[in-house]
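Following: one structure in structure tokens, then a few remarks.
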There are 2 protein chains.
Amino acid sequence: MSVGIKDVAIAAGVSPATVSRVLANHTVKPELRERVETAIRLTGYRPNLSARRLRSQHSNTIGLIVPDIRNPFFTTLSRAVEDAAYKANMRVVLCNTDENPTRETMYLRLMQEERVTGVIYAPTRETAAQLDRLNFDFPVVLVDRHGPSGKHDSVILDNRQASAALVEHLYARGFRSIEGLFGNTSSTASDRLSGYTEAMNDRGLKPHADFVAPNADAAAIAARHILSRKDRPEALIASNGLILLGVAQAMQELGLQAPDDIAIAGFDNEIWTGLIGSGLTVIQQPVADIGHSAMRLLFERIETPEMAPRVVMLSGKLIERNSSKRPG
Amino acid sequence: MSVGIKDVAIAAGVSPATVSRVLANHTVKPELRERVETAIRLTGYRPNLSARRLRSQHSNTIGLIVPDIRNPFFTTLSRAVEDAAYKANMRVVLCNTDENPTRETMYLRLMQEERVTGVIYAPTRETAAQLDRLNFDFPVVLVDRHGPSGKHDSVILDNRQASAALVEHLYARGFRSIEGLFGNTSSTASDRLSGYTEAMNDRGLKPHADFVAPNADAAAIAARHILSRKDRPEALIASNGLILLGVAQAMQELGLQAPDDIAIAGFDNEIWTGLIGSGLTVIQQPVADIGHSAMRLLFERIETPEMAPRVVMLSGKLIERNSSKRPG
DNA sequence: CAGAAAACTGAAAACCTTTTCAGCTCCATT
DNA sequence: AATGGAGCTGAAAAGGTTTTCAGTTTTCTG
């Protein structure tokens with residue numbers, strides 16, 4: 001069969017324990033270490049990680065649970081997580097939930113069975129609400145979305161502020177009727193909603209929010225409705241990258257141009273937002289930072305389990321482009 | 001500590017073996033099964049996958065090794081792989097190589113140590129060349145890129161044909177000076193190059209190919225050069241999605257419009273290609289199909305290890321948009 | 001140079017399952 | 001009524017490593 005530590009030990013004329021010590025870089029007399037190392041090379045030995053994990057009780061695995069890796073936000077996030085993980089000599093198990101609570105709980109259970117070192121997790125609002133009740137044997141860092149209380153480590157954007165900044169920007173450019181299209185599954189969407197609502201109210205404007213499943217197709221359908229309405233707004237805000245994409249698709253189908261026919265602003269500075277038309281005004285999230293911060297929090301939590309939960313809130317940056325220019 | 005199968009056994013008044021059998025859905029008298037099941041529920045038992053893997057010699061894990069998950073092609077691919085894995089009750093370990101052979105070999109080694117069930121792998125040309133010599137203990141399915149010989153299962157696009165289709169299309173539209181911008185790391189790029197070259201030669205045209213690292217930034221720099229040349233071509237072909245993106249960026253910076261200033265065509269029907277300007281002409285790859293096919297090949301290989309290697313070649317589809325219209 | 005401390009090594013236990021093997025019960029067949 | 005077989009179950013081994021513990025060698029101290 002495959003060569004084990006025992007075979008290496010025999011080949012090197014030492015005990016398995018010594019081989020293990022060489023592998024773990026523990027203190028071993030140079031001469032023996034030498035012998036073991038050549039034995040490893042000769043036999044082509046590869047440690048069995050399952051056995052190692054079982055014995056050492058360290059899985060060196062982190063779980064990444066996101067709605068859909070195809071959402072560019074989570075794509076970039078996952079890349080940042082993977083980078084940090086491999087620097088720390090850890091593997092990443094990837095889980096897509098499709099915003100489906102059933103899939104979420106099933107993956108959370110899987111994480112338990114894997115005895116993962118920790119989890120980076122963007123929960124739906126539904127599952128997040130029960131997060132206090134659930135008890136995990138591993139640390140969880142929430143990312144992009146927060147839990148029911150301040151009880152969990154999390155890394156999120158200052159969504160209310162970012163949303164308000166969008167309103168403020170459009171207001172400053174002279175727009176008054178500003179409608180918002182928001183996702184209906186995440187805490188992020190609702191935070192952005194309240195930032196929007198508040199900012200509108202502060203300026204004596206009447207907020208008008210619509211809700212939609214956070215994917216491009218659903219958003220496109222909703223946007224077509226809004227855009228073809230007789231009383232369509234002067235400006236439309238999209239609460240995330242996928243929704244913004246749907247809006248852009250609807251605009252194209254209807255042959256509308258921003259900002260001439262309607263002003264557009266939204267979230268997530270995806271590459272295409274700068275290329276489309278004369279550019280879409282967006283809030284840029286520090287996505288890679290979010291991922292790295294999440295991993296940092298996770299590692300610190302592992303090191304100091306009793307530490308009080310921390311919420312890291314990062315700021316978005318308004319990228320002004322032509323889609324929100326005052327027309328004419 | 002955490003509850004093990006032994007604790008469940010005690011709680012249910014049976015042997016650990018019986019608990020194991022219940023878990024594996026083996027034949028157990030209904031009454032005992034009942035008792036075990038409630039014991040599991042009561043104790044909150046979760047199997048330890050490391051132990052299970054060690055003993056059963058099945059990792060139920062598949063490795064996914066891609067250059068960069070942020071390349072939309074691989075994003076979609078990974079999603080398809082994860083879906084198929086999920087359905088087969090397997091986990092996915094995600095690896096980004098950044099087209100770096102060192103990282104590749106280190107991940108391949110990791111896969112050995114994980115004793116993975118199989119690997120889906122998009123190798124660089126450099127590592128692919130040595131694939132015959134390397135010997136893995138697990139099946140490998142190459143994806144998007146092929147190995148040195150027909151010795152490996154693989155799922156790829158008919159790249160030569162697709163590339164030729166692009167030339168043919170541009171030729172039909174009246175373009176004669178057609179330059180190509182190709183990646184320099186993958187077999188895919190070189191296949192597309194030869195498709196391009198051949199199609200050009202067939203029509204008595206002189207091929208003109210440039211090579212670039214397959215990422216948007218490098219492509220943008222190269223494209224700026226090409227586009228600012230006095231004798232810039234009538235049409236430019238980009239050999240993948242990232243390169244096409246770089247071209248689009250360069251066009252924008254230089255204030256050029258397709259097809260008025262130059263015709264553009266490329267690979268990968270990313271969403272933004274339909275939204276930008278009046279649309280970019282591209283070859284659409286059946287990406288999800290590629291992923292699913294790869295998993296199917298992998299599973300079939302596991303089932304029938306001695307089967308001869310199979311190459312699945314899928315066809316791209318030309319999406320004609322305005323960027324390749326004859327101007328004026 | 002003796003004795004104590006430090007450094008190193010190996011045997012065996014432990015990690016948590018699954019799987020083998022033998023034994024038991026129960027039923028059907030002759 | 002004896003025999004054979006099918007269907008279950010439990011004890012124990014096995015899977016490949018790390019870790020503990022005790023023992024041995026080496027180094028240091030006075």
Side-chain angles (χ1 to χ4, degrees), chain A residues 1-37 39-40 43-61 89 91 109-110 112-117 137, chain B residues 1-37 39-40 43-61 89 91 109-117 137-138:
Chain A
M1 277 301 221
S2 111
V3 24
I5 207 173
K6 211 178 273 187
D7 306 287
V8 177
I10 293 171
V14 300
S15 76
T18 299
V19 177
S20 173
R21 282 190 267 260
V22 170
L23 257 36
N25 242 335
H26 287 164
T27 139
V28 168
K29 221 195 273 179
E31 187 222 331
L32 288 194
R33 153 161 280 135
E34 182 73 16
R35 258 163 47 201
V36 169
E37 274 163 356
I40 289 178
T43 54
Y45 166 74
R46 288 289 141 217
N48 180 319
L49 292 187
S50 294
R52 175 176 288 178
R53 286 184 188 132
L54 173 58
R55 173 61 233 212
S56 71
Q57 304 284 61
H58 292 307
S59 69
N60 282 354
T61 300
N89 195 30
R91 353 253 151 268
R109 192 161 56 210
L110 175 64
Q112 307 247 58
E113 303 187 351
E114 291 275 3
R115 305 292 194 266
V116 292
T117 309
D137 308 333
Chain B
M1 277 305 223
S2 113
V3 23
I5 207 173
K6 210 179 272 185
D7 306 286
V8 177
I10 294 171
V14 301
S15 76
T18 299
V19 177
S20 174
R21 281 189 267 259
V22 169
L23 258 35
N25 242 336
H26 287 164
T27 139
V28 169
K29 222 194 273 178
E31 186 221 331
L32 288 195
R33 154 161 279 136
E34 181 74 15
R35 264 171 35 209
V36 169
E37 273 163 356
I40 289 177
T43 54
Y45 167 74
R46 287 289 140 219
N48 181 319
L49 292 187
S50 294
R52 176 176 288 177
R53 286 182 187 134
L54 173 58
R55 174 60 233 214
S56 71
Q57 304 285 59
H58 292 306
S59 68
N60 280 355
T61 300
N89 193 31
R91 353 254 151 267
R109 193 162 54 211
L110 175 64
M111 295 300 104
Q112 306 248 57
E113 303 187 350
E114 291 276 2
R115 306 292 195 266
V116 292
T117 308
D137 308 333
F138 45 79

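Throughout, protein chains are lettered first and strands after them, A, B, ... in sequence-line order, and every chain is numbered starting at 1.
Listed nucleotides: dA11(C), dT18(D), dT17(C). Nearest to the side chain of Arg55(A): dT18(D). Out of dG15(D), dT18(C), dT18(D), the shortest distance to the side chain of Arg52(A) is found at dT18(D).
Summary of helix geometry: the two end axes of the helix from dC1(C)-dG30(D) to dT30(C)-dA1(D), each defined by five base pairs via their C1' atoms, are inclined to each other by 30° (rounded to 10°).
Atom CG in Asp137(A) sits roughly 15 Å away from atom C1' in dC16(C) (whole-Å rounding). Going from atom CG of Leu54(A) over to atom P of dG16(D) covers 12 Å, rounded to whole Å. For Glu114(A) and dT17(C), the CD to P distance is 13 Å, given to the nearest whole Å. Glu113(A) has its CD atom 15 Å from the P atom of dC16(C), to the nearest Å. For the pair Lys6(A) NZ and dT18(D) P, the interatomic distance rounds to 14 Å; values are reported in whole Å. Taking atom CZ of Arg53(B) as the reference point, atom P of dC16(C) lies 16 Å away to the nearest angstrom. Atom CD1 of Ile5(B) is separated from atom P of dG15(D) by 18 Å (rounded to the nearest Å). Between the CD atom of Glu31(A) and the C1' atom of dT26(D) there is a distance of 14 Å, rounded to whole Å.
Side-chain atoms of Ser20(A) do not come within 3.5 Å of backbone N or O of Pro16(A) as any donor-acceptor pair. Here the side chain of Thr43(A) pairs no donor or acceptor atom with the backbone of Val8(A) at under 3.5 angstrom.
Shown here are the side chain to side chain contact (heavy atoms under 4.5 Å, CB included) partners of Ser56(A), two or more places apart in sequence or in another chain: Arg52(A), His58(A). Considering only residues two or more places apart in sequence or on other chains, Tyr45(B) meets the ring-ring contact (aromatic ring centres under 6.0 Å, His included) condition with none of them. Residues satisfying the side chain to side chain contact (heavy atoms under 4.5 Å, CB included) test with Arg55(A), not counting sequence neighbours, are none. With sequence neighbours left out, Thr61(B) forms a side-chain hydrogen bond (donor to acceptor under 3.5 Å, both in side chains) with no residue at all. Evaluation of the side chain to side chain contact (heavy atoms under 4.5 Å, CB included) rule for Ser15(B) yields Ala17(B), Thr18(B) as partners, not counting sequence neighbours. For Ser50(B), the side chain to side chain contact (heavy atoms under 4.5 Å, CB included) criterion is met by Arg53(A), Leu54(A), Asn48(B), not counting sequence neighbours.
Positionally, the nearest nucleotide of DNA chain D for Leu32(B) lies more toward the 5' end than for the other of Arg46(A) and Leu32(B).
Residues from residues 17-30 of chain A lying near DNA chain C, meaning a heavy-atom separation below 4.0 Å, are Ala17(A), Thr18(A), Arg21(A), Thr27(A), Val28(A), Lys29(A) in numerical order.
Here Gln57(A) reaches the OP1 or OP2 of dC16(C): one of its side-chain N or O atoms lies under 4.0 Å away. A sub-4.0 Å separation between OP1 or OP2 of dT18(C) and a side-chain N or O of Ser56(B) is absent.
If you check every strand for non-hydrogen atoms under 4.0 Å, Arg33(B) touches nothing. Residue contacts for Leu49(B): at a heavy-atom cut-off of 4.0 Å it reaches no nucleic acid atom on any strand shown.
Ser2(B) approaches Arg115(A) most closely through the heavy-atom pair OG-NH2, 3.9 Å.
Sorted by first and then second residue, the salt bridge (charged side-chain N to carboxylate O under 4.0 Å, His left out) pairs involving residues 3-22 of chain B (not counting sequence neighbours) form an empty list.
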